[in-house]
Q: 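Here you go, one structure.
As the structure is a prediction and not an experimental result, all values here were calculated from the model. In what follows, every chain begins at residue 1, and chains take the letters A, B, ... in the order their sequences are listed.
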2 protein chains.
Amino acid sequence: MSASFSSVDYDLRQQRLAQAIKIAQLEGMALNAGPSLTYLTGLHFHLSERPVLGLFSAGNPPVIVLPELETGKISNLAYQTSSFAYGEDPETWQTIMKEGIQAAGFSGRRIGIEPRVLRVLELDLLNSTGIDFTLVSGEAALAHLRMQKDEYEQARMQKAVDIAQNALDAILPEIKPGITERELAAKLVVALLNNGSDPQLPFSPIVASGPNSANPHAFPTDRQLIKGDLLIIDWGANEGGYFSDLTRTFAIGDPQQEMVEIAQIVLEANQAAHNIARPGVSAQEVDQAARAVIEAAGYGDYFTHRTGHGLGMEGHEAPYIRAGNPILLTPGMTFTIEPGIYLSGKGGVRIEDDVVITEEGLYSFSDLPRELKILGS
Amino acid sequence: MSASFSSVDYDLRQQRLAQAIKIAQLEGMALNAGPSLTYLTGLHFHLSERPVLGLFSAGNPPVIVLPELETGKISNLAYQTSSFAYGEDPETWQTIMKEGIQAAGFSGRRIGIEPRVLRVLELDLLNSTGIDFTLVSGEAALAHLRMQKDEYEQARMQKAVDIAQNALDAILPEIKPGITERELAAKLVVALLNNGSDPQLPFSPIVASGPNSANPHAFPTDRQLIKGDLLIIDWGANEGGYFSDLTRTFAIGDPQQEMVEIAQIVLEANQAAHNIARPGVSAQEVDQAARAVIEAAGYGDYFTHRTGHGLGMEGHEAPYIRAGNPILLTPGMTFTIEPGIYLSGKGGVRIEDDVVITEEGLYSFSDLPRELKILGS
């Protein structure tokens, strides 16, 4: 664990969770290894074939059910816990799980889980003990807590953006005809680490050139850059468990006229979202502001994804900036703004920033130039 | 996707799955984004809030249910598929999911899933369509397929081990008093990439020094190395989607006598497992061979984990080399051998190799020296 984590007040976060549990009329929460468990406890566990469960309730200290070989992680915590450790034979896990549930005081009512994180492995284990309770989604309650980023968290995110921006600057001279997407991706990862990112990157960089750039979630290939390509780079850094997630689009040599035009449209869509986002505006209105620009230009069918997503300890989290999401923005919410246009067989453009809602409006953590830059000509 | 993936015969893998489905008396398999889906289709999807499901049955081409923005990945496949794409509003997913299930021909019988990979998100989506079927674990059938690594897969794993070994060699001169665990971990990641690892590492390296080395799954901290430390480095590379996972233990300056002794015991335990593993021997016998050495030396209570785990497209997969696992080793199985001794407050030793069962016995992909090496003195 990095030193910065120790400056977080986990007792406070657990108290806020206890309130959220009451408001959601739950008896408790059962969380497996993942960002919410880390947010509440500071503990990091690999998501593996050995389940880890944190059981939270309003009246009891957190209960951690975990494999014996992980117990070293919970020996020096600044807050109280009860822990129940199991050995390597899965046949024995159910007994330990039952003891944990009893210690958490779960007595047969509604327990919140995270459907997007909890696996059937943990679900079956929770359901194996003979204690009867109803598992319901606690996602909204957890999102409500985690969406309100405090100063500490915002500072981490600003640093994660700075690292990412410096890393991209460092590899710009490498972007020229002949280099492959995979080679560029590897150089970018090295630059991220050299600029101070924690080793566990939020995601493996997307480096997508030419026709590949028309695939929003492309994996880097052995394709060499050639003149006339658009090049999308989507990358991020990790600073103390908080992520950045940026995208810039470049042209290799002189771009075709249509590519110049869609780059300008996406830039205007990105700006439209920046301009509208402020406290009290809904997520769907931000999405619509960006989408309207692209639709008005006749490319609505080629903007195939939402305008953005929340960002923090996860690469994608609440609030989701999409049509149909009525959530109102409030200060401390952090998310991406990333409109794009993707023309199959030709190429794509995406411009992605990381922003935070402030009392006054919006602040963009990222400030790299957004215009289509011509490289390697 | 790297070029090497295109040389895999996915039709053949899907035919073998169809056989496995019949043998397991299932109607089909429902797999979400993860290594088994990639193994069967060559497709890579991020595990995100947007579910992806591959539906496999004996009589139909694979059905892929996926978000619209991912459809670029399935446009040029060498085998037949049916795909069903959904938009950004989760309210609409259920209808698309139902169409996918109907196309797969699932008609109300037993469908295999992976409890260790499938989340409640996908489980609820599968169960939301009104089509009645029973979801059961298909893990054993999938493990049976994936455990038999062919020549292509073994060659990828050898390469992943070579990359990892070269990367460690490259940073040995950096290992000396004063450097922090996190700094060393970052240098090791850079060395892995410079030596040719794919950017998505199997896991973030463990660099654990002094008392931290007594925690088998430590995360790197800002602790500086000092003389007298033991230092555990646990790291791996990714070659075309196949992983290595190695551990070596070093001493910083002259180690205490007890540390020298436990290093020797762990080395003998590692060798005992190498010596016994061959076709027809069970996983639990391999575990016991290593464990017996450590128990005989009086440190049995301090070897707190199993002797090893399968390795391939996942960092941990079948076969698990643990007490109580009767599975018999067969040629093509690849796994780790990694006994350890962990003395709380003092330090730990682990020595981990990656091996494959051959017709004749066992071949170790890894051959870095296993003896306790003294560095930085």
Side-chain angles (χ1 to χ4, degrees), chain A residues 1-3 44-46 48-49 67-73 75 88-89 91 113-121 123-124 135 137 182 185-186 188-190 193-194 197-201 203-205 214-222 304-306 309 315-317 320 322-324 342 344, chain B residues 1-3 44-46 48-49 67-70 72-73 75 88-89 91 113-121 123-124 135 137 182 185-190 193-194 197-201 203-205 214-222 304-306 309 315-317 320 322-324 342 344:
Chain A
M1 209 175 313
S2 80
H44 292 70
F45 297 102
H46 295 278
S48 81
E49 72 283 6
E68 271 163 14
L69 85 163
E70 301 277 24
T71 51
K73 291 182 184 165
S75 57
E88 294 286 31
D89 183 353
E91 299 293 321
I113 60 165
E114 293 183 290
R116 205 158 51 76
V117 183
L118 198 82
R119 300 171 299 178
V120 174
L121 177 68
L123 184 73
D124 285 351
L135 299 175
S137 175
R182 294 183 73 206
L188 182 52
V189 171
V190 170
L193 298 171
N194 284 342
S197 175
D198 287 1
Q200 199 139 20
L201 296 181
F203 57 96
S204 196
N215 172 2
H217 276 181
F219 282 77
T221 72
D222 291 322
T304 49
H305 56 73
R306 63 197 171 200
H309 53 78
H316 293 178
E317 59 181 50
Y320 297 100
R322 65 167 174 81
Y342 309 94
S344 182
Chain B
M1 205 177 312
S2 80
H44 292 72
F45 297 101
H46 296 277
S48 81
E49 71 283 7
E68 271 164 14
L69 85 163
E70 300 278 23
K73 290 181 183 165
S75 56
E88 294 286 30
D89 184 353
E91 299 292 322
I113 60 166
E114 292 183 290
R116 205 159 50 77
V117 183
L118 198 84
R119 300 171 298 178
V120 174
L121 177 68
L123 183 73
D124 286 350
L135 298 175
S137 176
R182 293 183 73 207
K187 285 180 191 293
L188 182 52
V189 171
V190 170
L193 298 173
N194 285 342
S197 174
D198 287 0
Q200 199 140 22
L201 296 180
F203 58 95
S204 198
N215 173 2
H217 277 181
F219 282 78
T221 73
D222 291 322
T304 50
H305 56 74
R306 64 196 170 199
H309 53 77
H316 293 177
E317 59 180 51
Y320 297 100
R322 64 167 175 80
Y342 308 95
S344 184

Q: Look at A/G324, A/P216, A/S48 and state which one has the largest set of heavy-atom pairs under 4.5 Å with chain B.
A: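 Option with the top pair count is A/P216.
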Q: Can you tell which part of A/Y320 gets under 4.5 Å to a heavy atom of chain B, answering side chain, backbone, both or neither?
A: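 The side chain, not the backbone.
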Q: For the CZ atom of B/R119 and the CG atom of A/L121, what is their distance to the nearest 0.5 Å?
A: 14.5 Å
Q: Using a strict threshold of under 4.0 Å (side-chain N to carboxylate O), is an ion pair present between A/E49 and B/R306?
A: yes
Q: Which region of A/E70, side chain (C-beta onward) or backbone (N, CA, C, O), has a non-hydrogen atom less than 4.5 Å from a non-hydrogen atom of chain B, or is it both or neither?
A: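 Only the side chain of A/E70 comes within 4.5 Å of chain B.
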Q: Quick one: pull up OG in A/S137 and CG in B/D124 and give me the separation to the nearest 0.5 Å.
A: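 Separation between the atoms: 8.5 Å.
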Q: Scan B/L193, B/V190, B/D198 and name whichever one has a side-chain contact (heavy atoms from CB on, under 4.5 Å) with A/V189.
A: B/L193
Q: Using heavy-atom distances under 4.5 Å, tell me whether A/R322 contacts chain B through its side chain, its backbone, both, or neither.
A: side chain
Q: Hey, which of A/Q200, A/E91, A/H217 has the most heavy atom pairs under 4.5 Å with chain B?
A: A/H217
Q: Applying the side-chain contact (heavy atoms from CB on, under 4.5 Å) criterion to B/V120, which one of A/V120, A/V117, A/L123 satisfies it?
A: A/L123
Q: Any idea which of B/H305, B/E317, B/E114, B/E68 has the most non-hydrogen atom pairs under 4.5 angstrom with chain A?
A: B/H305
Q: So which residue, A/G72, A/A218, A/G315, A/P115, ends up with the most heavy-atom pairs under 4.5 Å with chain B?
A: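 Sorted descending by pairs with chain B, the first entry is A/P115.
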Q: Looking only at non-hydrogen atoms, find the nearest pair between B/P199 and A/A186 and report the distance.
A: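 Taking B/P199 first and A/A186 second, the nearest heavy atoms are CG-N, 4.5 Å.
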Q: With a 4.5 angstrom heavy-atom cut-off, which part of A/L118 approaches chain B: side chain, backbone, both or neither?
A: both
Q: Chain B heavy atoms under 4.5 Å from A/I113: which part of the residue, side chain, backbone, both or neither?
A: side chain
Q: Please name the pair of heavy atoms, one in A/T304 and one in B/L69, separated by the smallest distance, quoted to 0.1 Å.
A: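 Closest approach of A/T304 to B/L69, heavy atoms only: O-CB, 4.0 Å.
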